[in-house]
Number of protein chains: 2
Amino acid sequence: MINAAITLLRKKGLKPTQQRLAIYQALMTSRDHPHAQKIYRKVRKKHVTISLNTVYNTLEAFKRAGLIGSVKVLHDESARYDPTVDPHNHIVCMKCKKVTDLFEKKLLRIPTPSEIGGEFKIMGYRVEFFGYCRVCAGASP
Amino acid sequence: MINAAITLLRKKGLKPTQQRLAIYQALMTSRDHPHAQKIYRKVRKKHVTISLNTVYNTLEAFKRAGLIGSVKVLHDESARYDPTVDPHNHIVCMKCKKVTDLFEKKLLRIPTPSEIGGEFKIMGYRVEFFGYCRVCAGASP
DNA sequence: TCCTAAATAGTAATAATTACTAATTGTAAA
DNA sequence: TTTACAATTAGTAATTATTACTATTTAGGA
Ligand SMILES: [Mn+2]
Ligand SMILES: [Mn+2]
Ligand SMILES: [Zn+2]
Ligand SMILES: [Zn+2]
């Protein structure tokens with residue numbers, strides 16, 4: 001609901017502008033970790049004059065507020081945005097670049113390698129699988 | 001030794017030019033996963049007229065031949081090159097972006113999440129730790 | 001030595017992201 | 001409700017890593 005989004009943005013100190021609400025909706029209803037460009041095209045259907053820069057600014061503001069996440073995967077240059085902030089990992093198709101969530105709990109409890117010793121203060125880690133999705137595995141290389 | 005490099009490049013069907021040998025030496029004697037730019041600056045001390053484009057072309061050719069690897073980490077835009085091709089993982093300093101090897105064997109045997117089911121043909125995975133190196137952990141945020 | 005495909009240097013083009021700036025807008029106080 | 005002003009936006013320019021293009025050079029076999 002739109003009012004919930006307004007309240008949420010206000011709570012984070014972000015003015016709930018039309019643009020921000022549209023971008024928030026666009027990302028939250030995505031299951032494919034879209035690029036900024038894709039969100040831009042989606043939002044522009046209603047907000048014809050929105051600028052790509054605003055999309056970037058808004059997504060970064062959402063990220064700083066902890067409302068969304070972002071993913072950078074191998075085999076794909078540009079940044080993807082993630083409506084899910086709960087800890088999870090990803091698997092990427094090396095051909096079509098589709099990024100799929102992995103909520104497997106075992107991946108969230110990997111012990112810190114003793115090899116690291118006292119050399120690093122660990123803040124986190126990520127696991128990224130790569131391979132071919134069902135569609136691409138069946139197609140020609 | 002230089003003759004070993006010449007033999008190796010020939011075996012891979014790559015002409016052992018002066019430029020390629022210099023780039024190969026520069027990377028092999030690096031422990032810091034350098035960017036193309038850094039290799040370029042290093043090699044240019046001897047090969048004054050080498051072009052950055054040649055550095056990129058050469059590194060990509062080496063990669064295709066399986067002589068080197070590359071790494072793209074979070075918190076750092078550009079590609080890094082890796083003299084080590086044996087399977088291993090990395091830890092990245094979120095401040096100074098230093099990339100350190102992790103050869104811990106446990107990280108090489110993570111089971112494929114059942115969650116993936118038959119949806120993906122897995123080709124591999126990587127684990128990437130992030131945090132702060134000893135130098136940056138002691139400094140101001 | 002000569003020939004040819006491969007490699008190189010120099011430069012232009014591309015693409016994602018960030019920076020800049022004048023105009024617009026949300027909101028809180030008057 | 002109006003006003004004032006900082007935050008936000010649109011439009012555009014700048015930046016940066018990487019790739020593309022092309023004329024020239026070079027390695028290595030005939
Ligand atoms: Mn995700
Ligand atoms: Mn490495
Ligand atoms: Zn695919
Ligand atoms: Zn550091």
Side-chain angles (χ1 to χ4, degrees), chain A residues 2-3 5-24 26 33-41 43-65 67-68 70-81 97, chain B residues 2-3 5-24 26 33-41 43-65 67-68 70-81 97:
Chain A
I2 192 74
N3 279 2
I6 292 178
T7 306
L8 185 58
L9 293 193
R10 285 226 179 89
K11 195 193 311 181
K12 295 290 184 179
L14 297 169
K15 288 186 186 177
T17 63
Q18 293 301 307
Q19 292 90 334
R20 282 176 172 170
L21 291 170
I23 291 167
Y24 187 77
H33 304 82
H35 298 138
Q37 275 286 353
K38 186 161 184 186
I39 297 171
Y40 175 54
R41 288 196 299 271
V43 166
R44 208 167 33 166
K45 287 175 184 166
K46 286 289 171 60
H47 287 264
V48 186
T49 66
I50 200 170
S51 82
L52 179 57
N53 191 354
T54 296
V55 174
Y56 274 107
N57 284 339
T58 300
L59 291 168
E60 287 307 307
F62 288 174
K63 256 178 67 179
R64 280 194 302 273
L67 294 174
I68 68 171
S70 70
V71 211
K72 277 247 192 151
V73 295
L74 284 178
H75 315 107
D76 188 7
E77 288 307 303
S78 41
R80 292 169 170 272
Y81 294 86
K97 324 294 189 210
Chain B
I2 192 75
N3 280 1
I6 291 179
T7 307
L8 184 58
L9 293 193
R10 285 228 178 87
K11 196 192 312 183
K12 295 292 183 177
L14 297 169
K15 288 186 184 175
T17 63
Q18 292 303 308
Q19 293 89 333
R20 280 175 172 172
L21 292 170
I23 291 166
Y24 187 77
H33 304 82
H35 298 137
Q37 275 286 352
K38 186 161 183 186
I39 297 170
Y40 175 54
R41 288 196 299 272
V43 167
R44 205 165 36 162
K45 288 175 184 168
K46 287 289 171 60
H47 286 263
V48 185
T49 66
I50 200 170
S51 82
L52 179 58
N53 189 357
T54 295
V55 174
Y56 274 107
N57 284 339
T58 300
L59 291 168
E60 287 307 308
F62 288 173
K63 256 177 69 179
R64 281 194 301 275
L67 294 174
I68 69 172
S70 70
V71 211
K72 277 248 192 153
V73 295
L74 284 178
H75 315 108
D76 189 5
E77 288 308 301
S78 41
R80 292 170 170 272
Y81 293 87
K97 325 293 188 210

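Just so it is clear: chains get the letters A, B, ... in the order the sequence lines come, proteins before strands, and each one is counted from 1.
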Report task. Heavy atoms under 4.0 Å is the rule here; annotate nucleotides 25-30 of chain D 5' to 3' with B where the base is hit, S where only the sugar-phosphate is, and - elsewhere. Result -> --BS--
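Among the atoms of the strands shown, none is found under 4.0 Å from any heavy atom of B/Glu77. Using a 4.0 Å heavy-atom distance criterion, B/Ala79 is classed as a sugar-phosphate-only contact.
The nearest heavy atom of DNA chain C to B/Thr49 and to B/Gly13 marks one nucleotide each, and the one closer to the 5' end goes with B/Gly13.
In terms of the salt bridge (Lys or Arg N to Asp or Glu O under 4.0 Å) criterion, residue partners of B/Lys63 (sequence neighbours excluded) are, by chain and number, B/Glu60. In this view, B/Asn53 and B/Ser51, B/Asn57 satisfy the side-chain contact (heavy atoms from CB on, under 4.5 Å) rule, not counting sequence neighbours. Scored by the salt bridge (Lys or Arg N to Asp or Glu O under 4.0 Å) test, A/Lys97 finds no partners at all (sequence neighbours excluded). Applying the ring pair (Phe, Tyr, Trp, His ring centres under 6.0 Å) rule to B/His75 yields the partners B/Phe130; only residues at least two apart in sequence or on another chain are considered. Residues passing the side-chain contact (heavy atoms from CB on, under 4.5 Å) test with A/Tyr56, sequence neighbours excluded: A/Ala36, A/Leu52, A/Tyr81. For the side chain to side chain donor-acceptor pair (under 3.5 Å) test, no residue two or more places apart in sequence or in another chain qualifies with A/Arg64.
Scanning residues 53-62 of chain A for heavy-atom distances under 4.0 Å to DNA chain C yields A/Asn53, A/Tyr56.
Of the possible polar contacts, one joining the A/Thr7 side chain to the A/Asn3 backbone as a donor-acceptor pair under 3.5 Å is found.
When DNA chain C is scanned in the 5' to 3' direction for atoms under 4.0 Å from non-hydrogen atoms of chain A, the outermost contacting nucleotides are C/dA16 to C/dT27.
Taking 4.5 Å as the limit, every side-chain heavy atom of B/Val55 sits out of range of all side-chain heavy atoms of B/Val43.
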Query - Candidate pair A/Tyr24 and A/Thr58, rule side chain to side chain contact (heavy atoms under 4.5 Å, CB included), full reasoning - result: CA-CA 9 Å; A/Tyr24 187 77; A/Thr58 300; over 6 Å; no
Requested in this report: Apply the test side chain to side chain contact (heavy atoms under 4.5 Å, CB included) to residues B/Ile6 and B/Leu21: give CA-CA distance (whole Å), side-chain angles for both, the deciding distance (0.1 Å), then the verdict.
Outcome: CA-CA 7 Å; B/Ile6 291 179; B/Leu21 292 170; 3.8 Å; yes
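Between A/Leu52 atom CG and D/dT15 atom C1' the separation is 15 Å, expressed in whole Å. Atom C1' of nucleotide D/dA10 and atom NE2 of A/His47 are separated by 14 Å, given to the nearest angstrom.
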Donor-acceptor pairs under 3.5 angstrom involving side-chain atoms of residues 12-20 of chain A: please list them, not counting sequence neighbours.
{"from": "A/Lys12", "atom 1": "NZ", "to": "A/Ala65", "atom 2": "O", "distance (Å)": "3.4"}
{"from": "A/Thr17", "atom 1": "OG1", "to": "A/Arg20", "atom 2": "N", "distance (Å)": "3.1"}
{"from": "A/Arg20", "atom 1": "NH1", "to": "A/Lys15", "atom 2": "O", "distance (Å)": "3.1"}

Would you tabulate the nitrogen or oxygen pairs shorter than 3.5 Å linking the protein to nucleotides 2-4 of chain D?
none

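Judged as a salt bridge (charged side-chain N to carboxylate O under 4.0 Å, His left out), the pairs with a partner in residues 70-80 of chain A (not counting sequence neighbours) are, in order, A/Lys72-B/Glu77, A/Asp76-A/Arg80, A/Glu77-B/Lys72.
Heavy-atom minimum distance, A/Ala79 versus A/His35: O-CD2, 3.4 Å.
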